[in-house]
Protein chains: 2
Amino acid sequence: MTTTAPQRRASISDVARTAGVSVGTVSNVLNRPDRVSPATRDRVLAAIDKLSFVPNGSARQLRAGTITTAGAIVLDVANPFFTDVARGIEDRLSQDDFTVMLASSDEDPDREARYLRLFEEHGVQGIMVVPATSDIDHLLAVRRRGVAVVLLDRPSPVSGLSSVAVDDVAGGEMAVRHLLTLGHERIAFLNGPHFIRQCADRWTGARRAVADAGLDPDEVLVDVTISSHNADGGEAGMREILQMPDVPTATFCINDLAALGALRVLRREGISVPHGMAVVGYDDVDFAAELSTPLTSVRQPTHQLGFRAADLLLADPASAAEQITFQPELVVRASSTGVAQA
Amino acid sequence: MTTTAPQRRASISDVARTAGVSVGTVSNVLNRPDRVSPATRDRVLAAIDKLSFVPNGSARQLRAGTITTAGAIVLDVANPFFTDVARGIEDRLSQDDFTVMLASSDEDPDREARYLRLFEEHGVQGIMVVPATSDIDHLLAVRRRGVAVVLLDRPSPVSGLSSVAVDDVAGGEMAVRHLLTLGHERIAFLNGPHFIRQCADRWTGARRAVADAGLDPDEVLVDVTISSHNADGGEAGMREILQMPDVPTATFCINDLAALGALRVLRREGISVPHGMAVVGYDDVDFAAELSTPLTSVRQPTHQLGFRAADLLLADPASAAEQITFQPELVVRASSTGVAQA
DNA sequence: CACACTATATGAACCGATTCACAACGGGAG
DNA sequence: CTCCCGTTGTGAATCGGTTCATATAGTGTG
């Protein structure tokens, strides 16, 4: 083995000693180079190089207070919806030379709390979070301690907290309205648990669409709860649907990943889409248009969502909190109408 | 506005004062509760609660040394391949109660360096990184300073550094061999720039397959460089291919995202797949099997990749560095053979 | 040549935790 | 009634930077 012994990291005083200057001067070279004469500056830089000195962020931060880093906690980094949001965040923050640390809570409140604490302890400027619970008191507490908090994909229930969200009631409504217009009278909703806000809101929207059409939501809509919001969850959900005594003619899925799983089962069972079963997804991910049956889906402005969230995070903390709501958009494709798009 | 004034964060001495004990005692309550009598412990906990005290991570770390956090830098968080790898990392690290901070370099060496430094300054236990450059001296330097470094998706060129990778030469070879077997004699390779190792290796493999078949790589293979490894890049690349004087009959894409874009163009142009143009992707992402023409793709053990990388990161730093190489696997579907799969 | 003033360098105090040698206390043994 | 020891609590030193009041050298002016 050729690994060098990992000796103690060089500190600023080591640098000062080898350069023959005081620690204050080294610090000045690092932070206000113009205050230092070129000759000493070079000497110090040489010493830094020689010792391969990397300043200790903890020490710096301890003294200086805060840093140009923000945290983001999403439900699942493997979900394209959230990664698109994360891209939006990164794109905005890097404009201000901020860095983002991304973490995924897996919808587990404990994990969320752990990351929240990790970020707070490390003194991030702010945290953007897709809450795993409906209760957000813990987030308000963080806010109260002086850390900027922006709710992602979730409108803030209180005025003191900034948030960026998409109108999920409208999204659920437009999807189901679309299916009703096509004549479906029994519609399954492959949904997540209702304590997740998005799920509850889309359900509300779905019921509203049915009611508006003069039908009884309890008769038309079948709530199928899936445990994981991905293709596996979608598979399980669709299998459950197909075993119902009175099989629905259409399925609305909580996201495109779940729809993907649902389509997989339908293909395996030889059920044609949309004639045997119409399918509508949510998120309009990249590949939705390219599936064997192009997927009708509710599109959300993901990149915008992240971008604006980062905007709010960077906003003057003294300014009023802001709640932004975007509107979703239905993208109709063959999985519901049976007509391929141009 | 109801925002509370963000007063200074409470410190351990504030807690000590309100609880009427010394700072040492508060610290003991936090870290060795058994050393403190129940009565005082309760008093301290009450004070902590009252002041909603959150220990300052920088201070703790400054004193204590290192923390249970690791960093991961990938090329693009929006790419399912990398997020699957990230999941593997998270799954392994959370077993040891470590937390992961994820960042994406966007293939930009400067951004990579920025995150590398950020992580190092914050004293992470180790960093897993998909290098944006072929040169890895800067990573060796980080290693030398005592931070564990594991190369992701890239075999280490030196024995002192751990790495986890997939054999990309083999991957390129099997993809092209497959196309040759099907009778294609002019094959486009929608590839990224060759200074990216994966791209170079797969190109090498592709040439080897051609040479092994007794043909001239320079005549059979057409190298088409795309700038971004996503659907947009794939679109641009396929448009370029279609304008060639002697249009290839098959296209091998650097990843499934690019293949997605390529398929999009082909559909728009009314070119049938695989008869007008066979397409092979790479990564075998979730949706590959569900595309309008199910995509032949080279599958990589993504989750394993991340999981093992995290394993190596957590390994005893004194133990020898380890290089792990996985083998890819060709998954044949209709986009190359024209025969739908079961 | 004295004086003011600038440019540069110094080093001690400080940020907020952890740690450890030491003090105080109380109970049991002799 | 001492002495010893274990339990509990104390507070100063420490980690590695930043900052700022202060010292010193050098420059130019009247």
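Residue numbers begin at 1 in each chain, while the letters A, B, ... track the order of the sequences.
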Starting from [atom2] on [N], measure out to [atom1] on [X] and report it in whole angstrom.
X: A:Asp34; N: C:dT6; atom1: CG; atom2: C1'; result: 14 Å
X: A:Arg17; N: C:dT10; atom1: CZ; atom2: P; result: 14 Å
X: A:Leu62; N: C:dC14; atom1: CG; atom2: C1'; result: 9 Å

5' precedence on DNA chain D between A:Leu30 and B:Ser37 (nearest-nucleotide basis):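 Looking at DNA chain D, the more 5' nearest nucleotide goes with B:Ser37.
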Is the phosphate of C:dC14 approached by A:Arg63 (side-chain N or O, under 4.0 Å from OP1 or OP2)? no
Please confirm whether the shortest side-chain N or O distance from B:Asn31 to OP1 or OP2 of C:dT18 is below 4.0 Å.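 Indeed, a polar side-chain atom of B:Asn31 lies that close.
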In residues 38-49 of chain B, which residues come under 4.0 Å of DNA chain C by heavy atom?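 Heavy-atom contacts with DNA chain C come from no residue of residues 38-49 of chain B; none.
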Steps toward side-chain hydrogen bond (donor to acceptor under 3.5 Å, both in side chains) verdict (A:Gln198, A:Asp153): CA-CA 8 Å; A:Gln198 290 86 331; A:Asp153 197 29; 2.6 Å; yes
Closest heavy-atom pair and its distance - A:Val147, A:Gln125: CG1-O, 4.0 Å
Can you see which heavy atom on A:Leu93 is nearest to which on A:Met128, and at what distance?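 Residues A:Leu93 and A:Met128, closest heavy atoms: CD1-CE, 4.1 Å.
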What nucleotide among C:dT18, C:dG16, C:dC15 has an atom nearest to a side-chain atom of B:Ser11?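 Per side-chain heavy atoms of B:Ser11, the pick is C:dG16.
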At a 4.0 Å cut-off to heavy atoms of chain B, the contacted part of DNA chain D spans D:dT8 to D:dG16
When the rotation axes relating C1' atoms of four end pairs to the next four are compared across the helix from C:dC1-D:dG30 to C:dG30-D:dC1, five pairs an end, they differ to 10° by 50°
With side chains defined as the heavy atoms from C-beta onward, is the minimum distance between B:Glu90 and A:Arg111 less than 4.5 Å?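 A side-chain contact exists here, since the closest heavy-atom pair is under 4.5 Å.
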Verify whether one side chain among A:His122 and B:Gln61 offers a donor that lies under 3.5 Å from an acceptor in the other.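 Side-chain D/A pair, A:His122 to B:Gln61: present.
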